[in-house]
Amino acid sequence: MKKNKKVILSVLAIVICILLAIAISFLIDAKTLNSEKNIIKASLKATVSDVKSNDFDKAQDDLNELQKSTKRVETKLNTTKWKVASKLPLVGKDITSAKSLLSILNEVMDKAATPSLNTLEQYPLDSLKVNDGFNVKNINAYLKLADKVIPILSESKDDIDSIDFRFIKLGTLKEYKQLLIDLITTYTDHEDYLSLLKAFIGDGTEDKLYVFVAQNTSEIRAGGGFPGSVGTIEIKDGILTVGEFSSVVNTLPRLMPAGCNITAEENDMFGGWLGMHRDATFIPDFERAGEIWAIGYESMNGEEVDGVVSALPQIIQKFLKILGPISLDDKYTLNGDNATRVIEKDIYFDHFFKDNYTSKSNEITDNYFSQTAKLTMEKLVENISVKNLPDFIDVFEESIEDRSFMMWLKDEDGRELVRKVGAAATLNYDKDNPETGVYISCRDGDRLGIFATLDVEMSKPTKNKDGSCTYDMKVVLGNSMT
């Protein structure tokens, strides 16, 4: 009996020693993992800081340290004792989640972060600008990077979303998971924009020419406004430049060229308004108006164009809200609060109102509009960064939504890309799902369109026997001056 007790005590002692050794081993590993967690956190912050300061050599070193640390943690969690621990209730789920996240992080760093750093080092953001233009080769380098990175991030997103942690102690990893999900979402939500940009600029080996129309809603049109100034966006020898703006009378024909093929329906709806080529935006469908302007520009200037881009002053004001003010000949200061008013009212009133008008008024105002476009573009490139890129994307999305930015491309595939992002500003031609639209156009050159307001009320539809619907609409035209 005594001998059995001694055996039992001996076995118990051995088991206790083994459990104690395992516990000590886990404590040592936990301490090591906590240290590695701090290294990961510090390396991640350092990498981001290095990129912001354009120190890409140091960023690569910090990224390497980050990768080494995450891989050490991953290796540690793949040991037998941690595999056993992952089967335990409660804590096991978090161990498995941590291993899954680390594996994804390592893959993202290998296949996405490192190529991104290499691209940033080879094609710094400040090299996008070349004199008064933009380097298409460098832009394409970033587009190619996106083509490479997006599938990797997209493939990882579902796996990351499915990872869940139970304990607050792993909150840091939760934060990293959410940051990565946010980054992936930003990329994947804007794939259509990247595809459109790629089609717009081409690969840099082919020259392109776009008509850039500065519409002004002080002379309001259903498709935007009066095209007071017209410039170009040209891609030549791999450099994209915004050309000088000139009065519409010098860039677009006065009368509608026969090649525009105005339809009977368009003539019935808009009557004699479409006799003047510049008045194409009496048609509320910008896809059609853009096509008409392209044909007219080609007939007058003898140059084939690839598309038409339209911008209203509202988009300038939105950009300046982020970028800060610009000054036009030290006479006008445009900022995120006043740009639309200055462009649509102050400049016109200062140079066209009563005794202020001279034979140089058109030339002077066109120069101000040209300065506005160029200075805004320059400021945009100077201030572009990873941090504020989402803000710029928001501006384009808002401007597409309110039609202060519109586009038409000659190539059918390109037009489909424009439609996908919503910048075509076209009408609904679905006969099975008709819509009613209310638009306003004013032909008088009184520059008061900026003050026009529309209040539209629609009654509940009454279904007819043939399946169609009847409803009343009340449209109140007013002004915001009083």
Side-chain angles (χ1 to χ4, degrees), residues 196 199-200 208-235 241-263 265-267 269-315 362 365-366 369-370 373 399-400 403-412 414-419 422-427 439 441-443 445 449:
L196 175 58
F200 186 85
K208 289 178 176 288
L209 180 66
Y210 298 94
V211 180
F212 192 175
V213 182
Q215 294 198 75
N216 198 321
T217 53
S218 63
E219 294 185 60
I220 197 166
R221 301 284 190 272
F226 181 76
S229 296
V230 179
T232 58
I233 299 174
E234 185 176 18
I235 300 171
T241 55
V242 178
E244 297 294 332
F245 280 74
S246 182
S247 171
V248 65
V249 299
N250 299 323
T251 49
L252 297 180
R254 181 173 179 272
L255 299 178
M256 189 71 69
C260 294
N261 297 318
I262 300 302
T263 66
E265 183 181 33
E266 289 167 342
N267 272 319
M269 290 183 68
F270 306 109
W273 288 340
L274 292 180
M276 304 289 283
H277 178 263
R278 65 194 182 200
D279 289 333
T281 43
F282 272 95
I283 300 172
D285 184 345
F286 185 77
E287 255 194 14
R288 176 64 171 135
E291 178 189 26
I292 291 172
W293 278 343
I295 294 170
Y297 185 93
E298 289 177 342
S299 70
M300 183 168 176
N301 298 277
E303 295 180 290
E304 185 175 348
V305 301
D306 296 281
V308 176
V309 176
S310 169
L312 274 63
Q314 289 87 338
I315 191 174
N362 278 317
T365 53
D366 288 342
F369 298 145
S370 177
S399 301
I400 287 171
R403 295 195 173 193
S404 55
F405 180 82
M406 297 174 282
M407 184 184 293
W408 173 84
L409 297 182
K410 181 178 287 186
D411 176 70
E412 175 57 36
R415 288 202 297 277
E416 185 57 35
L417 292 173
V418 176
R419 294 180 196 122
T426 188
L427 300 180
Y439 301 89
S441 294
C442 181
R443 195 172 188 178

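- Judged purely by atom type and a 3.5 angstrom limit, Asp285 uses its side chain to pair as donor or acceptor with the backbone of Glu287.
- To the nearest 0.5 Å, the span separating OG1 on Thr232 from NZ on Lys208 amounts to 15.0 Å.
- Asp279 places no side-chain N or O within 3.5 Å of a backbone atom of Phe282 that could act as its donor or acceptor partner.
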Start with the C-alpha gap between Val248 and Asn250, add the side-chain angles, then the distance that decides, and say whether side chain to side chain contact (heavy atoms under 4.5 Å, CB included) holds. CA-CA 5 Å; Val248 65; Asn250 299 323; over 6 Å; no

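- Residues Gln314 and Thr217 have side chains in contact (heavy-atom distance under 4.5 Å, counting atoms from C-beta outward).
- The only option from Val305, Val211, Val213 that meets the side-chain contact (heavy atoms from CB on, under 4.5 Å) definition with Trp293 turns out to be Val213.
- Between the CZ atom in Phe226 and the CZ atom in Arg221 there is a gap of 6.5 Å [rounded to 0.5 Å].
- Taking a cutoff of 4.0 Å between a charged side-chain nitrogen and a carboxylate oxygen, Glu298 and Lys410 qualify as a salt bridge.
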Checking side chain to side chain contact (heavy atoms under 4.5 Å, CB included) for the pair Phe212/Val230: CA distance, chi angles, key distance, verdict? CA-CA 6 Å; Phe212 192 175; Val230 179; over 6 Å; no

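- Distance CG/Leu252 to OH/Tyr297: 8.5 Å, rounded to 0.5 Å.
- Interatomic distance, Leu417 CG to Arg415 CZ, rounded to the nearest 0.5 Å: 11.5 Å.
- Under 4.0 Å is where a charged nitrogen must lie from a carboxylate oxygen, and between Glu412 and Arg419 at least one such pair does.
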Please lay out, stage by stage, how His277 and Leu255 fare under the test side chain to side chain contact (heavy atoms under 4.5 Å, CB included). CA-CA 5 Å; His277 178 263; Leu255 299 178; over 6 Å; no

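- Looking at heavy atoms from C-beta onward, Ser247 lies out of side-chain contact with Ser229 at the 4.5 angstrom threshold.
- Residues that satisfy the ring-ring contact (aromatic ring centres under 6.0 Å, His included) test with Tyr210, not counting sequence neighbours, are Phe200.
- Closest non-hydrogen pair, Ser299 versus Pro257, comes out as OG-CG, 3.8 Å.
- Counting heavy atoms from C-beta on, the side chains of Ser310 and Phe405 never come closer than 4.5 Å.
- Inter-residue side-chain proximity for Ile292 and Ile283 is flagged as met; some heavy-atom pair is nearer than 4.5 Å.
- Looking at Thr263, its side chain does come within 3.5 Å of a backbone N or O of Glu266 through a donor-acceptor pair.
- Within the model, atoms CH2 of Trp408 and CZ of Arg288 stand 10.0 Å from one another, a figure rounded to the nearest 0.5 Å.
- No donor-acceptor pair closer than 3.5 Å links the side chain of Ser399 to the backbone N or O of Ser404.
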For Tyr439 and Leu427, what are the C-alpha separation, side-chain angles and deciding distance, and is it a side chain to side chain contact (heavy atoms under 4.5 Å, CB included)? CA-CA 12 Å; Tyr439 301 89; Leu427 300 180; 3.2 Å; yes

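- A donor-acceptor distance shorter than 3.5 angstrom exists from the side chain of Asp306 to the backbone of Leu209, with no hydrogens or angles considered.
- Looking at every heavy atom in both residues, Thr281 comes nearest to Gly224 through CB-N, 4.5 Å.
- Contact of the Met256 side chain with the Ile262 side chain is registered, since non-hydrogen atoms from C-beta on lie closer than 4.5 Å.
- Under the 4.5 Å side-chain criterion, counting only non-hydrogen atoms from C-beta, Phe286 is in contact with Gln215.
- Residue Ile235 holds its CD1 atom at 9.0 Å from OG1 of Thr241, rounded to the nearest 0.5 Å.
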